Amino acid sequence: MNEQSYTLWPGLDALGGLGGVLASLVLFLALGSLVGGRHRLTAADPVVGWGLASLATTLIGTLLPGTVLPGALFWVAIGLAGLGGGALGWAVIADRRVGGISQFESVILLTPLLLYIAGGGISHWDDFTHWQVNASYLFRNHGFPGAGMAPTVSSHAGYPYAMALWSYFASLAAEHFVEVAGALANFLLLTVAGVTIVAILPGGDQPRPRPLRWAAAALGIVVVIPLNPSFHRSSVGSSLADAPTAVVVAVAGILVWRLLEALRDQDRGAGTEVGRALVWQAGPAFAVLVGLKQANLILMLLILGAAAVIAWRDRVIGVGRFLGTVWPALLPPALLFAVWHWYVGQFGVGGEFALNPLGQWLIAEIPTILGAVWHNHIADHLHYYLPMALLAVRGGVALVRPRTPFDRLAALAAIVFVGYSGFLIFAYVASFGGGESLRAASFWRYSIHVGLLGVAAAVYGLAPAIAPRLAAIPPKRWRQACWSLAVLVPVLILLLPSTLFRTRNLTYRAVGHYLADTLPAGARLAVVDADGGFLEAVVRYELWRPGRDDRDLRVAVRVSHSEHQQLARRLAPVVGGLDIGFALIQGPDPGLLAGFGIAADRLPEPAPALLLLAWRNGEWQVQPLPPLS
């Protein structure tokens, strides 16, 4: 297997890409510091700033598309960079905090892992089909697809583009397309979640001595990675929006929970300004949540609905008071969702999440779907579902009469977890189709969107039991323990990098890259794929040449191995109609090659795993591929 090797020196281009991603984080930190004033939850600054950037980009990029304002997103990025720079300057002059107490230290501790990722590449199926295609489209065209813009090869061009913004801003800063920007951003966002979880502990958002800051940073990383039962190295080490969704759900949930606590404090003459600051922060946080995936609107509604139920059950807060306070936080996400939905419908951008017609709902298959959820997902990931089930029980009990802050946080996490699990079942019945529904495809990956909110509740609930033991430690031993914990994190990363993200088989990418560089401009390729479509997805991505001129190269058609008996009949009109000049065959066998009019004795020895054919002089001819190692 040809795999990506680990290295702490990824090269100058990769270091430039990492610098671009870090610059994006600083930009979002700066923008977020403008919202909420001195009473805000500073640890939430990166998510809030990301929400502001997503909202500005979506509004201008849709209402002033590239055909009206060429390079619209580029000018948005320039404006946001100027605003972020001004915010940083103001913070320095006014001695205002930007970001959580240990945010800087968290990034430093994670640096070895960031260097490993910076020198790697993408590997997830969905990266090749749409997430990276969408990000590269922004960098190539400085605008969203549709509205007279250049065509895209994305299978889900209608997805919102909040995740792609990291890649876009990082690529602008690095002056080249940063393919691993999404994976780097995912791990940086995990540090944001860790810093936020530590900040909600008693005294967690207060200034700390230097050893304690480093220890708090290390604790946050340990909580959100090795001790996080929802950590999924495949999706985190990619550009997928699953890990970012989990982070934003946790941060937004914590903001709403703290709003509930502030509403209780108002009866004692405190909390009014804090509550107002949290509402201001929650709006952009919810905006980025729905800007990651349109289905994330359900998560926002579950968080707000859970908080409303808790306020109703709480004798002090009251549901009317909560709703009367929180409603301004609905405006940014509602605006972003409505404008993007209008744009997708107005300009025919495909790939938007949607429900099937009622007649196509798989109601009769509900028992099969539930069985697949259990056998294919829950039974294999009890390390996640069992703690979440226990938290759901604890939250349900607390909901009878939520007396303490932990009662309210546990109830919030429990309602969101149970409600979201139910929504996923509904989605398999009403939105997915065929085999994906019957095997409950990716249920585990989707259900962990609530995982970090559960981790936050668990850490907050366990803290009172642990604190007395820590308080008994002598100061000198405290400092030693703090520094030891801080050193332990990067050491473990250096020793066990493969436990944090998966290695990558580069064979398909190598052949795709070769074809992208050698096929004549405008060539059309057929792919005969025995791997369920993964080869075709990778080669399609490489031919499109993200970040580079694609020379109008395209995969025109994919044929599966199971269709080899009809291959000649299928490709004959395709060759004439689509002007296909090349075919890439995976695992060629005599029966399959007969469809191309090629005898088995014409194959090179030993038989290759991938075979390239060229249409010349009215017949298919074997064209050698170079070694792919």
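Here the structure is a predicted model, which means the values were calculated and not measured. Starting from 1, each residue takes its place in the sequence as its number.
- In this structure, Leu190 and Leu452 have side chains that are in contact, with non-hydrogen atoms separated by less than 4.5 Å.
- In this structure, Asn141 contributes its side chain and Tyr137 its backbone to a donor-acceptor pair below 3.5 Å.
- At a threshold of 4.5 Å between non-hydrogen side-chain atoms, the residues Trp50 and Val248 count as touching.
- Between Ile254 and Trp257 there is a side-chain heavy-atom pair separated by less than 4.5 Å.
- Below 30°, between 30° and 60°, or above 60°: for Tyr161 and Phe144 the angle between ring planes is between 30° and 60°, a tilted geometry.
- With sequence neighbours excluded, the residues that form a side-chain contact (heavy atoms from CB on, under 4.5 Å) with Ala53 are Phe28, Leu31, Leu80, Phe169.
- Side-chain atoms of Thr62 come within 3.5 Å of backbone N or O of Thr58 as a donor-acceptor pair.
- Taking the ring axis of Trp90 as reference, the NZ or CZ atom of Arg96 stays within 45° of it and closer than 6.0 Å to the ring centre.
- By the side-chain contact (heavy atoms from CB on, under 4.5 Å) test, Pro229 pairs with His383, Tyr384, Val455, sequence neighbours left out.
- The closest donor-acceptor contact from the side chain of Asp45 to the backbone of Gly99 lies under 3.5 Å.
- Annotation: salt bridge (charged side-chain N to carboxylate O under 4.0 Å, His left out) contacts of Asp127 (sequence neighbours excluded): none.
- For the residue pair Tyr159 / His130, no side-chain donor-acceptor distance below 3.5 Å is found, with atom types taken as modelled.
- Using cut-offs of 30° and 60° for the angle between ring planes, the Trp342 and Phe347 rings count as perpendicular.
- Within 6.0 Å of CH2 in Trp312 there are 12 or fewer heavy atoms belonging to other residues, nucleotides or ligands.
- With His124 contributing its side chain and Asp126 its backbone, the two residues share a donor-acceptor pair below 3.5 Å.
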Take Trp214 and Phe104 through the test ring-ring contact (aromatic ring centres under 6.0 Å, His included) and record every step on the way to the result. CA-CA 9 Å; Trp214 285 98; Phe104 173 78; 7.1 Å; no
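- In this structure Arg408 satisfies the side chain to side chain donor-acceptor pair (under 3.5 Å) test together with Glu261, Asp314, sequence neighbours excluded.
- The backbone N or O of Ala338 lies less than 3.5 Å from no partner atom in the side chain of His341, so there is not a single donor-acceptor pair.
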Under the salt bridge (Lys or Arg N to Asp or Glu O under 4.0 Å) criterion, do Arg313 and Asp407 qualify, and how do the steps go? CA-CA 11 Å; Arg313 296 300 304 163; Asp407 286 344; over 6 Å; no
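- Sequence neighbours left out, the pairs with a member in residues 173-189 that pass side chain to side chain donor-acceptor pair (under 3.5 Å) are Glu179-Arg509, Glu179-Tyr541.
- Between Leu64 and Leu59, the closest side-chain pair of non-hydrogen atoms is not below 4.5 Å.
- Judged purely by atom type and a 3.5 angstrom limit, Arg321 uses its side chain to pair as donor or acceptor with the backbone of Val316.
- Sorted by first then second residue, the salt bridge (charged side-chain N to carboxylate O under 4.0 Å, His left out) pairs that include residues 16-36, not counting sequence neighbours, number zero.
- Using a 4.5 Å cut-off on side-chain heavy atoms (C-beta onward), Ser33 and Arg40 make contact.
- For the residue pair Arg97 / Thr42, a side-chain donor-acceptor distance below 3.5 Å is found, with atom types taken as modelled.
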